[in-house]
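Input: a single structure, listed below in structure tokens.
The figures here come from the full heavy-atom set of this structure, side chains too, leaving out hydrogens, waters and symmetry mates. None of these values were measured; they are calculated from a predicted model. First the proteins, then the strands, lettered A, B, ... as listed; each starts at 1.
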2 protein chains.
Amino acid sequence: MLAAERRDHLLGLLAREGKVVAKDVAADLGISEDSVRRDLRDLAAEGLCQRVYGGALPVSPAVVDYAARQSVAQDGKRKVASAAAALVRPGGTLILDGGTTALAVAHALPRDLACTVITHSPTIAAALLDHPQAELFLLGGRIFKHSAVACGAAAVEAAQNVSADLCLLGVTGVHPEAGLTTGDAEEAAMKRALAARAADTYVLASSEKIGTASRFRVLPWEKISGLITDADPHDAVVEQLKALGLEVLSAN
Amino acid sequence: MLAAERRDHLLGLLAREGKVVAKDVAADLGISEDSVRRDLRDLAAEGLCQRVYGGALPVSPAVVDYAARQSVAQDGKRKVASAAAALVRPGGTLILDGGTTALAVAHALPRDLACTVITHSPTIAAALLDHPQAELFLLGGRIFKHSAVACGAAAVEAAQNVSADLCLLGVTGVHPEAGLTTGDAEEAAMKRALAARAADTYVLASSEKIGTASRFRVLPWEKISGLITDADPHDAVVEQLKALGLEVLSAN
DNA sequence: CCTATTCTTGCACGTTTCTGCATGTATGGT
DNA sequence: ACCATACATGCAGAAACGTGCAAGAATAGG
């Protein structure tokens with residue numbers, strides 16, 4: 001029995017029966033309950049199920065679909081996400097960008113944290129629906145399919161009407177010379193609009209983004225408060241960034 | 001029996017029957033009354049029910065509506081949804097309301113239909129992400145957790161800037177005298193705003209909604225083009241609606 | 001091809017959480 | 001005022017949980 005088989009089996013059960021009981025599955029498949037629990041824990045960490053005492057329940061289909069397609073669960077992203085989640089203060093207002101790293105942040109937020117979350121990503125909004133204390137505000141606009149977020153003039157305009165303590169921004173490239181970059185001009189504009197509405201802006205970038213550049217500049221270094229990454233603090237590029245005066249928070 | 005299942009069962013009872021009697025539930029599920037009381041206490045602490053001597057009552061129509069919608073996923077909605085999906089013309093613009101019936105419509109739309117979909121539901125937006133030919137426009141605003149849609153002043157305002165050929169509206173009650181109703185005032189206002197922006201508005205109502213009324217009026221009969229339901233066309237209430245001049249499309 | 005390392009899996013242990021019962025108290029009806 | 005029922009609390013057994021550990025499998029490196 002391969003681990004991937006177990007995972008599929010569990011996801012199948014969740015889809016077909018709406019629940020999974022750890023004990024039953026263990027008996028059915030002839031494996032230990034510990035393995036089932038471990039699998040469920042991992043699936044829950046990826047946002048593919050909701051862990052409950054005794055087993056697990058499905059999360060909303062939209063979230064599952066999306067999370068299954070993207071690999072939210074890469075270790076680097078998870079580390080960055082929990083470091084970022086630690087910056088969110090109870091009662092504060094948070095602007096959360098789209099993208100898988102930001103989605104990981106949403107999953108890393110404590111379930112009963114009382115805060116306001118502003119986002120242009122329907123996926124992130126869906127992921128936070130079960131946070132009873134969280135106030136959600138969705139920025140509307142034309143949906144860009146490849147990144148599944150609202151962008152464009154309407155979204156940027158909607159962003160003008162909010163303000164927040166903290167903005168967590170995902171980018172696809174962090175390069176000492178090219179700066180913070182992303183692959184789409186509309187997305188870059190949207191990120192700029194979001195960052196402009198927060199007192200502090202931190203950029204999330206798992207290690208593979210460090211030292212790379214995409215096509216469109218998002219922001220100059222001066223506009224951001226810091227960078228959160230799991231890259232080695234003594235990495236050459238990271239050292240360069242620090243030399244530019246950038247605060248680098250290590251997520252490890 | 002998982003704790004979460006008991007919770008769902010209780011919420012379902014609250015929604016369907018409007019009350020829960022601790023003793024009866026304990027007998028039905030074969031668990032102790034103490035467990036039921038504990039669950040009800042927890043639900044009340046989360047604001048999902050109102051604890052009374054001997055059991056519990058629903059706290060607000062909106063919550064009840066949502067819990068009920070969560071628990072049911074029946075055939076009727078699918079029938080209504082595919083009948084509604086057939087109204088959508090290629091190249092057209094569709095306003096899709098939130099709610100599970102509307103979500104079913106989203107799933108019923110052909111995968112490569114070229115059309116523009118405007119919605120205030122992040123869930124529906126997420127469901128349509130894999131329709132490559134569909135243009136999506138999301139109306140933003142404060143997210144109402146109970147129904148997982150954007151409502152409130154910002155959302156209504158955003159709706160003013162769109163227009164469409166067709167609006168498909170879900171409601172929780174269709175009653176000859178009370179009209180089209182739903183459980184939450186903000187949702188009702190949002191639905192009104194959506195309907196006002198479309199040339200044609202059709203109301204989706206699976207059979208169990210027919211003849212029932214919720215607390216808030218959405219629209220008068222004159223404002224809608226027709227009703228799509230899987231109820232028996234010779235049902236007494238349906239006949240009454242037809243007598244009012246309403247076009248009733250049978251989904252079967 | 002062999003060895004070292006990492007990963008996975010199941011087991012054992014201590015800890016936490018749940019659940020039903022028993023007791024005493026509070027509530028509502030008669 | 002009385003009684004039946006519902007309630008809160010404490011308790012104990014059971015179930016589920018997390019963690020550390022060791023044996024085996026898979027992988028990487030020589």
Rounded to the nearest Å, what distance is computed from the [atom1] atom of residue [X] to the [atom2] atom of nucleotide [N]?
{"X": "B/E33", "N": "C/dC18", "atom1": "CD", "atom2": "P", "result": "20 Å"}
{"X": "B/R6", "N": "C/dC18", "atom1": "CZ", "atom2": "C1'", "result": "8 Å"}
{"X": "B/L40", "N": "C/dT19", "atom1": "CG", "atom2": "C1'", "result": "15 Å"}
{"X": "A/E5", "N": "C/dT8", "atom1": "CD", "atom2": "P", "result": "15 Å"}
{"X": "B/Y53", "N": "C/dT25", "atom1": "OH", "atom2": "P", "result": "15 Å"}
{"X": "A/R7", "N": "C/dT8", "atom1": "CZ", "atom2": "C1'", "result": "15 Å"}
{"X": "B/D39", "N": "D/dA8", "atom1": "CG", "atom2": "C1'", "result": "16 Å"}
{"X": "A/L29", "N": "C/dT9", "atom1": "CG", "atom2": "P", "result": "12 Å"}

Exercise. A/V52 near the nucleic acid: base, sugar-phosphate alone, or nothing, with a heavy-atom cut-off under 4.0 Å?
Worked result: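 Sugar-phosphate, no base atom in range.
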
For this session: Using a heavy-atom cut-off of under 4.0 Å over every strand shown, decide if A/V36 touches base, sugar-phosphate, or nothing.
Result: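 No contact.
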
Exercise. Does a donor on one side chain and an acceptor on the other come within less than 3.5 Å for A/T201 and A/S225?
Worked result: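 Judged by distance alone, the side chains do not pair up.
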
For this session: Tell me yes or no: between the side chains of B/D28 and B/H9, is some donor less than 3.5 Å from an acceptor?
Result: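 Looking only at side-chain atoms, B/H9 and B/D28 do not form any donor-acceptor pair under 3.5 Å.
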
Exercise. What distance separates A/L139 CG from A/L194 CG, expressed to the nearest 0.5 Å?
Worked result: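 The CG atom of A/L139 sits 6.5 Å away from the CG atom of A/L194.
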
Can you check whether [X] has a side-chain N or O nearer than 4.0 Å to OP1 or OP2 of [N]?
{"X": "A/S32", "N": "C/dT9", "result": "no"}
{"X": "A/R51", "N": "D/dC17", "result": "yes"}
{"X": "A/R38", "N": "D/dC17", "result": "no"}

For this session: Please report the C-alpha distance between B/D39 and B/R7 in whole Å, then the side-chain angles of each, then the deciding distance to 0.1 Å, and finally whether the salt bridge (Lys or Arg N to Asp or Glu O under 4.0 Å) criterion is met.
Result: CA-CA 7 Å; B/D39 287 337; B/R7 269 180 61 124; over 6 Å; no

For this session: Identify which nucleotide among C/dT19, D/dC17, D/dA6 has an atom closest to any side-chain atom of B/S35, counting heavy atoms from C-beta outward.
Result: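 The nucleotide sitting nearest to the side chain is C/dT19.
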
Problem set entry | Base of D/dG18 paired with side chain of A/R41 (donor-acceptor, under 3.5 Å) |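 For A/R41, whose side chain was compared with the base of D/dG18, there is no donor-acceptor pair (under 3.5 Å).
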
Exercise. Can you find a donor-acceptor pair, distance only, under 3.5 Å between B/R37 side chain and C/dG20 base?
Worked result: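 No such pair is found, so the answer is no.
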
Exercise. Toward the 5' end of DNA chain D, which comes first, B/K23 or B/D34, by nearest nucleotide?
Worked result: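 First, find each residue's nearest nucleotide; the 5'-ward one identifies B/K23.
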
Problem set entry | Whether over 12 other heavy atoms sit under 6.0 Å from B/K19 NZ |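 Count not over threshold, so no.
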
